[in-house]
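Taking it in order: structure first as structure tokens, then the write-up.
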Amino acid sequence: MVPGQARDDVTGKVPSQLRKGVLEYCVLALLRDGPRYGVEILEELAAVSVMTTSQGTIYPLLSRLRREELVDTSLRESPSGPPRRYYTLTATGRAALEEFTRSWPLFRDGVDHFLGAAPGGGGTARDGHRTDHRTDQGDPA
């Protein structure tokens with residue numbers, strides 16, 4: 001894999017587990033700027049391949065977020081079909097998103113450290129070899 005380029009392969013156990021861990025916060029982030037309905041949330045998530053999920057996952061998640069008072073709901077008329085249920089971020093949901101937003105960079109950097117891709121370029125793998133092979137910073141490879 002080319003450094004800095006994500007692969008399109010998002011199937012398998014690891015991507016699934018990672019998605020489960022962050023999906024609710026991605027949903028809360030989508031609601032930060034205003035109400036959205038379920039299919040709209042699904043479409044926004046699908047725009048980033050690693051976050052693609054199904055109705056069978058998103059609607060139970062939205063129900064749980066509602067029970068936990070992280071989101072509120074309201075019904076609105078639809079231009080086509082039955083009324084749509086819109087989800088809105090609550091103050092509690094906004095606080096949870098802010099906590100995640102503060103925690104995520106530290107968590108990500110911690111994982112990157114163990115993977116040998118610490119921010120700032122380079123690191124040392126367990127075998128003692130440098131893990132940064134970039135030559136764009138004046139360092140010979």
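The chain is numbered in sequence order, starting from 1.
The line from OG of S54 to OH of Y59 is 10.5 Å long, rounded to the nearest 0.5 Å. Taken from CD1 in I58 to CG in L62, the straight-line distance is 5.0 Å, to the nearest 0.5 Å.
Following chains of ILVMFWY side-chain contacts shorter than 4.5 Å, one cannot reach L65 starting from L75, and the two form parts of different hydrophobic clusters.
Scanning all heavy atoms of the two residues, the minimum distance from L70 to L89 falls at O-CD1, 3.7 Å. Shortest non-hydrogen contact noted between M51 and L23 is CE-CD1, 3.7 Å. Among all heavy-atom pairs drawn from L45 and C26, the shortest one is CD2-CB, 4.1 Å.
Applying the salt bridge (Lys or Arg N to Asp or Glu O under 4.0 Å) test to pairs two or more places apart or on separate chains, those with a residue in residues 56-67 are E24-R64, R64-E68.
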Distance-only criterion, 3.5 Å: show the donor-acceptor pairs between side-chain atoms of residues 96-108 and protein atoms not counting sequence neighbours.
{"unit_1": "T101", "atom_1": "OG1", "unit_2": "L97", "atom_2": "O", "d": "2.8"}
{"unit_1": "S103", "atom_1": "OG", "unit_2": "E99", "atom_2": "O", "d": "3.0"}

Tabulate below the donor-acceptor pairs under 3.5 Å that side-chain atoms of residues 31-44 make, not counting sequence neighbours, or state none.
{"unit_1": "R36", "atom_1": "NE", "unit_2": "L30", "atom_2": "O", "d": "2.7"}
{"unit_1": "Y37", "atom_1": "OH", "unit_2": "R84", "atom_2": "NH1", "d": "3.2"}
{"unit_1": "E40", "atom_1": "OE1", "unit_2": "Y37", "atom_2": "N", "d": "3.4"}

